[in-house]
Amino acid sequence: MRSGVRVSSGFAALVSVAALACGGSSAAPVRVTVPTGATMGTAAESLHRAGVIGSPRMFRLYAKLRGADRGIKAGTYLLAPDASWGSVLTALRSGKGVVHVVTVPEGYTLAQTESLLVTKLAVQPESVRVAVRDTALLRQLDVPIATLEGYLFPDTYFFPPGTTARTAVRAMVRRFEQRWKPEWNRRLDTLALSRHDLLTLASIVEREARLAPERPVIAAVYWNRLRKRMLLQADPTVQYALPQYQSRLLNKHLTVKSPYNTYRYPGLPPGPIAAPGIASLQATLYPAQTPYLYFVAYPDGHHEFRVKLEEHQAAARIARRAWNAVRAAKPAGTGTSTSPSAPATKKGTAAAKKG
């Protein structure tokens, strides 16, 4: 029995020495996610896949011998590859190294992004409001409006504890500049379009599109209407202009007095109404070659496109019946839309009434 203790102690010492030797790497930290309720075994496998440890089995044994194989904290960590096992174990048990994961979906408005940052980073709302109005960033990006609406790139970000609103906003702007393709500048010259106007039009496409293949067609409709000096009559711009978001637009909403209301004012609105993703930017830069001037959305997410107004009005009547059937089938009090940016009365329907 006593010899067994000596063997165990010796082995523990051997494991400890091996663990302490696994350190000193200067490699950039990597992300490791430990799910809620994960065991040490699950965490060890995640660490191994990320290259933080070499042997999951030996790491589990090391943690057990130290009496530290329980009580690990869930979260996404930034850890150095080949860090010492002791430091890794300390991080998992203390939560040190956990980062804030902030995912900004494509089509998020600035208001939605502000709220997300306040929640995820635990910062004051006022600090976010100030950060998105940073005059230095506005000048750097040549933004002619008062905020960074449309310039905070929709993506997933990993921010360490203590990240300020200003740091987060600058990281999102930096991501936007990193994802901007040099060839797009040449395309803008061809289109005689500024980057700001591109973002504005792409943001409308982003809020309208539900199916990826339709993005270039929706973009083409808006391009065609602009060239013919027709009102854009884009429902998402009205939703943006209203003091309170309305998922279902009514005719009375179309009269709101705002330069963002494209039912009242010609051309593009003053700026983006949301953050467009790469796909919408690409679709707006390279729209489909089509003569369509109208479209109307159906409950399944697809749009019907038409060239002539009377054809569009017929499609709109069919769409309206489809939407009414969907609403009638919903239990009372469940709402009328499954998407935060999908109005029950779609662009084309109102456009048909407006002519």
Side-chain angles (χ1 to χ4, degrees), residues 102-121 123-134 137-138 141 143-157 165-166 168-173 175-176 179 195-210 215 218-219 222 232-249 253-254 256-263 265 268-281 283-284 297 335-347:
V102 180
T103 298
V104 181
E106 296 173 347
Y108 248 37
T109 65
L110 187 62
Q112 289 174 306
T113 303
E114 287 182 18
S115 178
L116 189 64
L117 291 176
V118 168
T119 301
K120 294 292 187 177
L121 301 182
V123 294
Q124 292 298 315
E126 181 60 25
S127 69
V128 182
R129 284 193 290 268
V130 170
V132 300
R133 289 163 176 78
D134 187 326
L137 284 178
L138 293 172
L141 297 167
V143 179
I145 55 176
T147 72
L148 290 166
E149 181 81 77
Y151 291 84
L152 304 185
F153 191 77
D155 207 346
T156 296
Y157 299 86
R166 183 172 182 269
V169 166
R170 285 181 172 268
M172 297 168 78
V173 168
R175 185 72 54 86
F176 165 76
R179 298 299 299 274
R195 185 167 73 168
H196 183 74
D197 284 346
L198 168 67
L199 281 173
T200 300
L201 186 52
S203 71
I204 299 174
V205 173
E206 186 69 68
R207 295 288 286 185
E208 286 279 21
R210 292 292 168 271
R215 290 177 193 270
I218 291 173
Y222 287 129
L232 289 184
Q233 296 183 321
D235 283 8
T237 65
V238 178
Q239 290 171 312
Y240 185 84
L242 291 171
Q244 185 173 357
Y245 179 83
Q246 300 292 328
S247 63
R248 183 183 182 186
L249 290 180
H253 296 134
L254 306 183
V256 62
K257 292 183 179 179
S258 166
Y260 283 88
N261 182 357
T262 55
Y263 277 88
Y265 300 96
L268 292 169
I273 60 171
I278 293 294
S280 290
L281 289 168
T284 306
T336 59
S337 176
T338 59
S339 170
S341 61
T345 301
K346 306 299 287 184
K347 169 196 176 289

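Worth knowing before you read on, the calculation uses all heavy atoms, side chains too, and leaves out hydrogens, waters and symmetry mates.
The nearest pair of heavy atoms linking R166 to D134 is NE-OD2, 4.0 Å. Here the shortest heavy-atom pairing between P125 and V118 reads CA-CG2, 3.6 Å. For the pair R215 and E206, the tightest heavy-atom approach, listed with the atom from each and the gap, is NH1-OE2, 3.1 Å. Nearest heavy-atom pair across A219 and A283 is CB-O, 3.5 Å. Residue P259 comes nearest to P270 through the heavy atom pair O-CD, 3.5 Å, listed as atom of the first residue, atom of the second, then distance. When all heavy atoms are compared, the tightest approach of H253 to V238 is O-CG1, 3.4 Å.
Each of L110, L117, L116, T113 was compared with V128 under the side-chain contact (heavy atoms from CB on, under 4.5 Å) criterion, and only L117 meets it.
T262 OG1 to L254 CG: the interatomic distance, rounded to the nearest 0.5 Å, is 9.0 Å. Here the CD atom belonging to E149 is positioned 13.0 Å from the OH atom belonging to Y108, to the nearest 0.5 angstrom. Separating the OG1 atom in T200 from the CD1 atom in I145 is a distance of 7.0 Å, to the nearest 0.5 Å. The CG atom of L199 sits 11.0 Å away from the OG atom of S280 when rounded to the nearest 0.5 Å. With values rounded to the nearest 0.5 angstrom, L121 atom CG is found 12.0 Å from Y157 atom OH. Taken to the nearest 0.5 Å, the CG atom of N261 stands 11.5 Å off from the CD atom of Q239.
The closest donor-acceptor contact from the side chain of H196 to the backbone of P272 lies at 3.5 Å or more, if one exists at all. At distances below 3.5 Å, at least one donor-acceptor pair connects side-chain atoms of T237 with backbone N or O atoms of Y260. With hydrogens and angles disregarded, no donor-acceptor distance shorter than 3.5 Å links the side chain of T284 to the backbone of L198. Between the side chain of R175 and the backbone N or O of L152, no donor-acceptor pair lies under 3.5 Å.
Considering only residues two or more places apart in sequence or on other chains, T109 meets the side chain to side chain donor-acceptor pair (under 3.5 Å) condition with Q112. Partners of E114 under the salt bridge (Lys or Arg N to Asp or Glu O under 4.0 Å) rule, at least two apart in sequence or in another chain, are R133.
Residues S203 and P276 are in side-chain contact: their nearest non-hydrogen atoms beyond the backbone lie under 4.5 Å apart. A 4.5 Å side-chain heavy-atom check between P236 and E208 finds at least one atom pair inside the cut-off. A 4.5 Å side-chain heavy-atom check between R195 and L141 finds at least one atom pair inside the cut-off. Taking 4.5 Å as the limit, every side-chain heavy atom of D155 sits out of range of all side-chain heavy atoms of V104. Taking 4.5 Å as the limit, every side-chain heavy atom of V205 sits out of range of all side-chain heavy atoms of L281. Between P269 and I204, some side-chain heavy-atom pair lies under the 4.5 Å cut-off.
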Walk me through whether L137 and V169 qualify under side chain to side chain contact (heavy atoms under 4.5 Å, CB included).
CA-CA 10 Å; L137 284 178; V169 166; 4.1 Å; yes
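The environment of R170 atom CZ is dense: over 12 non-hydrogen atoms of other residues, nucleotides or ligands sit within 6.0 angstrom.
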